Amino acid sequence: MLHTKVPHIEEIIGDAIKKAQQQEKPQMVSVVERMDQMDPFQFLYAGQSIDRHRHFWRSAEGNFTMVGIGSARTMRSSGSYRFTELQQSWNTFLEGAVTYDEYGEKGTGIVALGGFSFDPEQKNHHPWESFPASQLTIPAYLLTNKGSLSYLTSNFIIFPEDHQKQIIRNWGDQKEQLFMEKPYSSSVPVRVDEKEIEPEQWKQTVQQATEDIKRGVLEKVVLARELRITFDNTVEIEPVLKALSETQQNSYIFAFESEGEYFVGATPERLAKLENQQLISTCLAGTIPRGDTEEEDKRLGMELMYDPKNRQEHQFVVEMIKEAVEACSHHVEVPDAPVLYPLRNLQHLYTPVKAVLDEGFTLIDVIERLHPTPALGGLPQKKSVEYIRYHETLNRGWYAGPVGWLDDRNNGEFAVAIRSALIQGDEASLFAGCGVVEDSDPQAEYEETAVKLKPMLSVLGGY
Ligand SMILES: C=C(O[C@@H]1C=C(C(=O)O)C=C[C@H]1O)C(=O)O
Ligand SMILES: [Mg+2]
């Protein structure tokens with residue numbers, strides 16, 4: 001049930017048609033309405049009747065959710081200047097856009113959601129054919145749940161030849177479809193096969209990397225591996241997202257749909273959050289499983305805190321993020337030591353980096369400077385990405401790339417897409433990696449990645 005009656009909607013649309021005719025180019029109109037709280041999974045499910053290009057984002061705190069349906073505008077870019085190109089498309093697109101919004105809540109109005117592949121030079125080959133190097137979508141409809149309130153944003157692209165009454169009628173019909181209460185699937189199909197992709201070769205690559213690190217070829221490299229699962233039927237996204245939201249605390253829950261395929265995950269790792277020029281980035285590296293008892297959990301946490309190999313893995317990330325943030329911010333605050341960051345299956349070393357972003361920089365500028373951090377690539381940054389390109393057998397696609405959202409007031413948040421899976425019909429590829437340093441042990445790193453596969457396995461018919 002909508003609470004806002006958008007005053008003079010006919011006038012708003014009529015003015016936009018006139019402007020489109022005068023300027024001979026389409027006009028963007030964004031309208032924000034307040035409504036009764038709506039189940040985001042219900043909205044997502046209903047949205048497929050409008051368009052199979054959908055987006056889902058829930059903050060790590062769990063109190064902010066966005067569901068995007070369809071596309072008012074999708075911006076793509078590729079190559080080494082992809083961040084700059086996307087920023088330029090975004091800036092150009094915002095020129096002349098008009099927003100009708102009485103509330104001004106973050107994550108409402110003109111918002112773009114999407115992500116970037118890990119390595120722009122790794123073309124979107126199999127299995128990532130449906131996911132370009134960079135893609136940000138301004139949805140046609142956006143549900144934003146903030147605490148106990150819900151907002152609906154409708155984004156119109158108005159053309160010179162449009163008819164006002166037709167647009168308003170179509171708008172009403174589509175909102176009716178979106179608010180229709182239709183039961184969505186609550187379960188995931190049965191897993192019929194599970195295949196680790198070349199685990200022994202992966203362990204040998206880890207061993208080789210430790211030797212190369214000892215020889216001074218590089219200081220750290222993150223190496224990832226793949227697990228392929230087959231189901232007895234097509235996997236729908238709603239039950240997967242609902243289960244992740246209910247079980248993976250302290251994690252961003254995300255899904256990006258492209259050509260009927262989904263990239264979905266529950267990542268604990270913020271890359272950068274920007275709100276009113278306040279910038280927060282996160283150093284998350286160093287891992288150990290959770291304990292079965294409170295006493296064992298505490299012991300494992302202390303073991304992680306004082307383990308030289310994990311502290312070195314972590315410190316590389318802190319130094320790089322601090323340097324990158326200092327280059328575009330002031331009042332940079334970095335704690336002297338990490339703390340434990342507890343998740344359902346494991347715990348990490350965690351160091352927040354806080355700063356005030358210098359005027360003239362945007363969130364995309366920050367993402368460009370950070371990605372990939374040594375937590376996802378290694379150190380030195382360029383050398384480690386080349387090492388991954390040459391030694392890793394999998395195509396990372398969007399795994400470990402930045403994913404998130406930004407609005408037209410330079411607010412937004414991006415995380416790195418780990419603890420994630422690419423779901424393609426009745427098949428899924430799950431990805432997990434780990435930081436390799438000179439003291440890494442291949443078997444221990446293999447076991448660390450096995451724990452990192454659990455969040456997605458646990459909601460894909462696993463345990
Ligand atoms: C690369 C991943 O995780 C990263 C590597 C970590 C590590 O090696 O300790 C910890 C958190 C992440 O920064 C992954 O989960 O796939
Ligand atoms: Mg590790």
Side-chain angles (χ1 to χ4, degrees), residues 60 118-119 197 202 206 209-210 213 219-227 248 250-252 254 263-272 281-290 300-301 303-305 307-318 320-321 338 340-353 370-379 381 384-385 388 392 394 396-403 414-422 429-458:
F118 176 81
D119 178 357
I197 308 298
W202 183 83
V206 171
T210 60
I213 290 168
E219 297 183 76
K220 171 181 179 180
V221 65
V222 176
L223 293 174
R225 64 188 183 90
E226 181 181 353
L227 174 70
Q248 301 301 321
N250 293 335
S251 299
Y252 296 89
F254 64 85
F263 181 51
V264 56
T267 176
E269 190 155 350
R270 170 190 290 134
L271 189 59
S281 185
T282 291
C283 314
L284 202 74
T287 306
I288 206 163
R290 295 299 303 274
L300 287 167
E303 187 181 322
L304 175 62
M305 187 60 77
D307 173 63
K309 179 256 179 192
N310 276 288
R311 286 299 290 264
Q312 185 190 43
E313 218 182 300
H314 185 81
Q315 191 55 27
F316 285 142
V317 182
V318 172
M320 182 267 183
I321 291 182
L340 294 174
Y341 193 81
L343 297 168
R344 185 185 181 86
N345 304 98
L346 43 78
Q347 46 196 319
H348 290 306
L349 295 177
Y350 167 79
T351 300
V353 175
L370 289 173
H371 178 73
T373 74
L376 291 308
L379 200 68
Q381 184 187 63
S384 59
V385 171
I388 289 165
E392 246 178 21
L394 64 87
R396 287 195 177 191
W398 280 32
Y399 159 73
V403 292
F414 278 80
V416 287
I418 54 178
R419 320 291 145 91
S420 52
L422 174 64
S429 278
L430 283 65
F431 305 97
C434 59
V436 178
V437 290
E438 65 178 335
D439 293 341
S440 284
D441 165 62
Q443 185 56 32
E445 301 296 1
Y446 171 79
E447 287 161 13
E448 179 175 311
T449 50
V451 179
K452 290 169 174 176
L453 288 167
K454 285 186 174 180
M456 287 313 299
L457 268 175
S458 69

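Remember, predicted model here, so these are calculated numbers, not experimental data. Counting starts at 1 for both ligands and their atoms, following the listed order.
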Considering heavy atoms of the protein only, find what lies nearest to atom 2 (C) of ligand 1 and give residue, atom and distance to 0.1 Å. Gly433 O, 3.4 Å
Please check this pair: side chain of Tyr252 against backbone of Ala417, looking for a donor-acceptor N/O pair closer than 3.5 Å. no
Is the closest basic N to carboxylate O distance between Lys452 and Glu447 below 4.0 Å? no
Looking only at distance, does Gly435 have an N or O less than 3.5 Å from an N or O of ligand 1? yes
Pair Phe118 + His371: ring centers closer than 6.0 Å: yes
Give the atoms of ligand 1, by number and element, whose distance to some non-hydrogen atom of Thr287 is under 4.0 Å. 6 (C), 7 (C), 9 (O), 10 (C)
Please identify which atoms of ligand 1 are closer than 4.0 Å to at least one heavy atom of Cys434. 8 (O)
Going by distance only, is there an N or O of Leu284 that falls short of 3.5 Å from an N or O of ligand 1? yes
Where the side chain of Lys220 meets the backbone of Pro374, is there a donor-acceptor pair that is under 3.5 Å apart? yes
Within a distance under 4.0 Å of any heavy atom of Tyr399, pick out the atoms of ligand 1 and give their elements. 1 (C), 2 (C), 14 (C), 16 (O)
Suppose we call two aromatic rings close when their centres sit under 6.0 Å apart. Are Phe263 and Tyr399 close by that rule? no
Does any N, O or S atom of Glu445, backbone or side chain, fall under 2.8 Å from the Mg ion (ligand 2)? no
Would you name the N/O/S atom of Glu448 that lies closest to the Mg ion (ligand 2)? OE2
Would you find a donor on one side and an acceptor on the other, under 3.5 Å apart, between the side chain of Asn250 and the backbone of Pro342? yes
Mode of Ile418 contact toward ligand 1 - side chain, backbone, both, neither (heavy atoms, under 4.0 Å): side chain
Measure the distance from atom 15 (O) of ligand 1 to every protein heavy atom, then report the residue, atom name and distance (to 0.1 Å) of the closest one. Arg419 NE, 2.7 Å
Evaluate Glu313 for polar contact with ligand 1, using N/O atom pairs at a separation under 3.5 Å. yes
Test your reading of the model: is there a side-chain donor-acceptor pair from Ser281 to the backbone of Ala272, 3.5 Å cut-off? no
Starting from atom 5 (C) of ligand 1, which protein heavy atom do you reach first, and at what distance in Å? Lys452 NZ, 3.3 Å
Glu448: heavy atom below 4.0 Å from ligand 1, yes or no? yes
Check whether Glu438 reaches the backbone of Glu219 with its side chain - one donor and one acceptor, N or O, closer than 3.5 Å. no
Atoms of ligand 1, numbered as shown, that sit under 4.0 Å from any heavy atom of Ala375: 4 (C), 5 (C), 13 (O)
For the 3.5 Å polar cut-off, considering only N or O atoms, please tell me whether Ala285 and ligand 1 meet it. no
In Å and rounded to the nearest 0.5 Å, what is the CD to CZ distance from Gln248 to Arg344? 6.5 Å
Is there a donor-acceptor pair closer than 3.5 Å between any side-chain N or O of Gln381 and the backbone N or O of Pro372? yes
Glu313: its N/O/S atom lying closest to the Mg ion (ligand 2) (atom name): OE2
For Asn310 and ligand 1, does the shortest N/O to N/O distance drop below 3.5 Å? no
So, taking the atom named CG in Leu284 and the one named NE2 in His348, what distance separates them when rounded to the nearest 0.5 Å? 4.5 Å
By number and element, which atoms of ligand 1 are closer than 4.0 Å to a non-hydrogen atom of Glu269? 11 (C), 12 (C), 13 (O)
If you count the atoms of ligand 1 from 1 in the order shown, which ones are under 4.0 Å from a heavy atom of Ala432? 16 (O)
Going by the order shown, which atoms of ligand 1 are within less than 4.0 Å of some heavy atom of Gly286? 7 (C), 9 (O)
How long is the gap from OG1 on Thr287 to CG on Leu300, to the nearest 0.5 Å? 12.5 Å
